[in-house]
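A short write-up of the structure that comes next.
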Amino acid sequence: MTGFIDVHTHLHDPRIIDNVPDIVLRAQDAGVETIATCATMEENFGITAQLSEKFSCVVPCLGIHPWFLDTLRPDWARNLGQWLEKIPAGVGETGLDFMDKSADRDLQVHVFKTHLALACELNRPINIHVRKAWDAIVKILKHHGPVTSGGVIHSYSGSADLVPVLEKFNLYISFSGSVTRPNAKKVVQALGAVSLDRIVFETDTPDIVPQFILDAHPGEAPLNEPANVPKIVRVAAERRGMAFETLARHGYENSLNLFGSVLNPKANIR
């Protein structure tokens, strides 16, 4: 049986940081070999890098999330570049989120373009967040051209029709616990549209808790963790109408291709 890779988590999150050793061990027991953990602002670049040093299975990604642009320092881009030159890390979480109509969209676009340029310049995969900003992302990509370093749209929430457009820009499409929701019609349609050589999986730990975890803990507020990736893949396989082992193998191989430039040669847990 193939292994699994969680392409998007936030292990630095204060809700789980003290439990990371146990989280990593449970991931190992579930067959998860590699965990990509994404910073969200300069303040957690350091802890994200430290997690990758402590756990050889952890791949760090460094970036500024569009929700936290109010934390930007004047020299943020130089600081990010220096971190990326110092350690083998991906770029992100970065992207566009237009859910909040009061958000500074021009600043989001500028910050995302800067991340994108750094990723391609340093040949690092980029972890991208998109909500209600699909037209803007496509416009930027059309101007920029294919993402030569590779990238992933995390927890995909766009349309099935947009999937082949994004794939042409050398992007992978990631599915999270949202695909397990009973009413996830749009996500399931997109799931069926993704090429098998472009599909990957994630948890977005500690958020987007899968339905099977919610069902097992009624009335509680459980947190997500990388150990849930295999079951997410299993639900995705059922909803796509294909063999679990086949989808798991494609997701694993695609994730290796995505993170090939930054994977620790010791990328096994412990």
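Only heavy atoms go into these numbers, but all of them, side chains included; no hydrogens, no water, no symmetry mates.
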Ring center gap for Trp134 and Tyr156 short of 6.0 angstrom: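 Under 6.0 Å, so yes.
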Asp6 and its side-chain hydrogen bond (donor to acceptor under 3.5 Å, both in side chains) partner, picked from Thr203, Thr37, Thr34, Asn224: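 Exactly one candidate clears the test, Thr203.
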Charged N-O contact under 4.0 Å between Asp207 and Arg15: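 Yes, charged N to carboxylate O under 4.0 Å.
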Basic-acidic side-chain contact under 4.0 Å: Asp29, Arg26: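 No, Asp29 and Arg26 are not salt-bridged.
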Side-chain donor-acceptor contact under 3.5 Å, His12 with Gln50: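 No - no donor-acceptor pair under 3.5 Å links their side chains.
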Connected-component partners of Met41 among ILVMFWY, side-chain separation under 4.5 Å: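 Traced through the cluster, Met41 reaches Trp67, Phe68.
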Atom CG of Asp135 with >12 non-hydrogen neighbours under 6.0 angstrom: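 Open.
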Within 6.0 angstrom of Glu43 CD, more than 12 heavy atoms from elsewhere: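 Not more than 12 within 6.0 Å, no.
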Mutual orientation of the aromatic rings belonging to His8 and His154 [parallel < 30°, tilted 30-60°, perpendicular > 60°]: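 Rings of His8 and His154: parallel, under 30°.
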Side chain proximity check, Phe175 to Val194, heavy atoms < 4.5 angstrom: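 Side-chain contact under 4.5 Å: yes.
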Arg105 charged N/C atom sitting above Phe98 aromatic ring, 6.0 Å / 45°: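 Arg105 over Phe98 ring: yes.
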Closest non-hydrogen atom pair between Leu258 and Gly150, with its separation: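 In terms of heavy atoms, the two residues are closest at CD1-C, 4.2 Å.
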